[in-house]
Amino acid sequence: MTSLAGKRIVLGVSGGIAAYKAVEICRRLMEAGAHVIPVLTNGATRFVGRTTFDALASERVQMSLFDEDDPIPHTTLGQTADCVLVAPATARVIGAYAAGISSDLLTATLIATRAPVVVCPAMHTEMWEHPAVAHNIATLVERGVHIVGPESGRLAGGDEGAGRLSSPADILSAVSRVLDVGEKRSDMAGLSVVVTAGGTREPIDPVRYIGNHSSGKQGYAFAEEAAGRGASVTIVTTVDRPSSLGASVAPGVTGMPGITEVRVDTAEEMATATAEAAKEADVVIMAAAVADFRPVDPAGVKLKKRDGVPVIELEPTPDILASLGASKPEGQILIGFAAETCDVADNAAAKLNGKGADYIVANDVTAENAGFAHDTNEVLVLASDGRAHSVGLRSKRQVAQAVLDLVVADRDGRANVR
Ligand code: CTP
């Protein structure tokens with residue numbers, strides 16, 4: 001991840017109880033070597049004194065649009081920042097930013113800047129869940145603003161619920177990630193990428209299904225990494241975006257622009273949606289855990305205990321990866337996964353050959369901190385030309401980054417051969 005050293009960060013602090021945590025964020029940014037310019041709203045100073053930030057930050061606190069030294073402080077701040085971070089962001093600041101209203105120095109700077117913006121909401125659950133706030137967040141996400149949090153937990157006044165400011169550590173790593181994406185080449189710009197995520201659910205009756213432990217974290221990490229590098233991504237998914245990936249979202253909106261979600265449940269639905277999306281795709285990533293078997297004849301009504309132990313006849317589901325491999329358009333790169341519990345390399349090699357994929361990303365789902373539901377993964381990537389790459393234990397986003405680096409190099413190589 002990009003180092004924060006030398007980066008100019010405008011730290012916007014607005015008026016909520018979580019403003020005291022901005023002091024710790026400021027301190028950690030300074031410790032990481034960033035150049036921090038605090039911009040406080042009037043409300044923020046009700047919760048935390050400007051002297052504290054004056055003492056900790058690289059520059060003195062700025063609050064006024066009408067400064068004695070600089071006639072246009074908001075433009076200067078916006079133009080020179082590498083990142084504008086707002087923590088905490090109140091419903092008012094979020095609303096003003098979404099509506100383009102510059103009511104103070106912070107909101108004016110947000111509107112004036114072209115630097116990446118990270119907004120960390122903190123408010124009471126009722127406010128966070130209000131449709132106006134949800135709408136404003138969705139607007140900001142669509143415009144490319146990165147939203148971090150809020151978390152669920154104890155709030156001011158003793159209430160519990162969603163609305164807590166994310167931890168300073170999470171906020172710093174989000175800023176670093178955002179700067180990383182900003183700095184990276186947009187080496188997937190113009191590419192169309194399809195990713196599948198989550199485990200399929202095969203109905204037994206209207207209330208029960210055959211499923212698996214897949215959380216969708218690795219699939220979403222691929223989608224976000226590809227979108228961050230400029231690709232236009234379709235994610236065919238059985239699950240919502242896992243909140244542990246960092247930036248949180250308003251309901252129904254993925255964490256990053258450039259990603260379209262298609263929701264499915266069963267292997268059959270995933271097969272249809274993926275085949276359709278893959279027709280025009282440059283890269284297809286089958287990260288989903290697709291059930292191999294489904295009940296032949298799901299019951300139309302709930303099976304009752306009193307009727308005895310049911311015997312459920314199963315049939316195979318379509319093998320989506322194998323059929324994509326069989327009908328792969330020229331130039332498309334197809335990536336499959338292999339979730340294994342033993343003989344990882346051999347099983348992965350068999351899948352690579354058997355399914356017509358260009359790469360298989362294999363992991364031992366029994367390894368510590370890797371595989372289903374973990375935030376980290378450790379994989380072996382096998383390529384159809386015989387190359388093998390090990391990617392040691394790291395975040396699922398970093399695993400996605402390593403695999404997509406291979407894909408990009410592969411595409412560049414193919415283009416040079418032509
Ligand atoms: N896959 C698929 N359709 C299926 C089953 C699996 O597209 N019906 C894909 C998965 O998305 C993954 C790859 O095939 O990319 C391998 O999945 P995995 O479950 O590891 O292997 P299987 O093919 O199901 O074989 P086995 O269960 O025997 O290991």
Side-chain angles (χ1 to χ4, degrees), residues 193-203 209-223 226 233-239 262-279 281 283-296 314-328 332-367 370-374 377-384 389 391 396 399-400 403-404 406-407:
V193 174
V194 175
V195 184
T196 62
T200 62
R201 300 185 191 98
E202 312 302 329
Y209 59 82
I210 297 176
N212 59 65
H213 293 297
S214 173
S215 61
K217 286 179 183 172
Q218 187 64 78
Y220 271 90
F222 266 98
V233 180
T234 300
I235 186 162
V236 181
T237 176
T238 64
V239 290
V262 178
R263 286 300 292 252
V264 295
D265 259 335
T266 63
E268 191 72 46
E269 289 166 8
M270 183 171 277
T272 308
T274 309
E276 182 56 34
K279 276 185 201 154
V283 181
V284 180
I285 303 166
M286 275 299 305
V290 186
D292 289 327
F293 309 103
R294 66 183 168 207
V296 173
L314 301 178
E315 64 183 358
T317 55
D319 190 320
I320 307 171
L321 180 61
S323 56
L324 291 171
S327 59
K328 197 158 70 81
Q332 184 179 80
I333 294 184
L334 179 60
I335 303 172
F337 279 68
E340 304 296 343
T341 54
C342 60
D343 302 327
V344 176
D346 289 348
N347 285 328
K351 281 175 193 170
L352 183 67
N353 298 328
K355 301 205 187 204
D358 298 290
Y359 293 92
I360 288 283
V361 180
N363 64 343
D364 181 348
V365 288
T366 63
F372 293 137
H374 289 291
N377 212 353
E378 184 175 11
V379 301
L380 172 70
V381 187
L382 299 185
S384 54
H389 305 261
V391 182
K396 287 190 168 172
V399 168
V403 174
L404 292 180
L406 293 174
V407 169

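The model shown is predicted, which means the values in this text are computed figures rather than measured ones. Whatever order the structure lists them in is the order used to number ligands and atoms, beginning at 1.
- In this structure T341 satisfies the side chain to side chain donor-acceptor pair (under 3.5 Å) test with no other residue, sequence neighbours excluded.
- Applying the side chain to side chain donor-acceptor pair (under 3.5 Å) test to E268 and every residue at least two apart in sequence or in another chain returns R294.
- Not counting sequence neighbours, the partners of T200 by the side chain to side chain donor-acceptor pair (under 3.5 Å) test are E202.
- Taking CE of M270 as the start and CG of D265 as the end, the distance is 9.5 Å to the nearest 0.5 Å.
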Report every pair formed by an N or O atom of ligand 1 and a protein N or O atom separated by less than 3.5 Å, giving atom names and the distance to 0.1 Å.
unit_1: ligand 1; atom_1: 3 (N); unit_2: I320; atom_2: N; d: 3.0
unit_1: ligand 1; atom_1: 7 (O); unit_2: I320; atom_2: N; d: 3.2
unit_1: ligand 1; atom_1: 7 (O); unit_2: L321; atom_2: N; d: 2.7
unit_1: ligand 1; atom_1: 8 (N); unit_2: T317; atom_2: OG1; d: 3.3
unit_1: ligand 1; atom_1: 8 (N); unit_2: P318; atom_2: O; d: 2.9
unit_1: ligand 1; atom_1: 11 (O); unit_2: M286; atom_2: O; d: 3.3
unit_1: ligand 1; atom_1: 11 (O); unit_2: A288; atom_2: O; d: 2.8
unit_1: ligand 1; atom_1: 14 (O); unit_2: K355; atom_2: NZ; d: 2.9
unit_1: ligand 1; atom_1: 15 (O); unit_2: M286; atom_2: O; d: 2.8
unit_1: ligand 1; atom_1: 15 (O); unit_2: F337; atom_2: N; d: 2.8
unit_1: ligand 1; atom_1: 15 (O); unit_2: F337; atom_2: O; d: 3.4
unit_1: ligand 1; atom_1: 20 (O); unit_2: A339; atom_2: N; d: 3.1
unit_1: ligand 1; atom_1: 20 (O); unit_2: K351; atom_2: NZ; d: 2.8
unit_1: ligand 1; atom_1: 21 (O); unit_2: K351; atom_2: NZ; d: 2.9
unit_1: ligand 1; atom_1: 23 (O); unit_2: K355; atom_2: NZ; d: 2.4
unit_1: ligand 1; atom_1: 24 (O); unit_2: D292; atom_2: OD1; d: 2.8
unit_1: ligand 1; atom_1: 24 (O); unit_2: D292; atom_2: OD2; d: 2.9
unit_1: ligand 1; atom_1: 27 (O); unit_2: D292; atom_2: OD2; d: 3.0
unit_1: ligand 1; atom_1: 29 (O); unit_2: K351; atom_2: NZ; d: 2.8

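- Note on K351 versus E340: salt bridge recorded, some NZ/NE/NH1/NH2 to OD/OE distance being below 4.0 Å.
- N363 and E378 share no donor-acceptor pair across their side chains, judged by distance under 3.5 Å alone.
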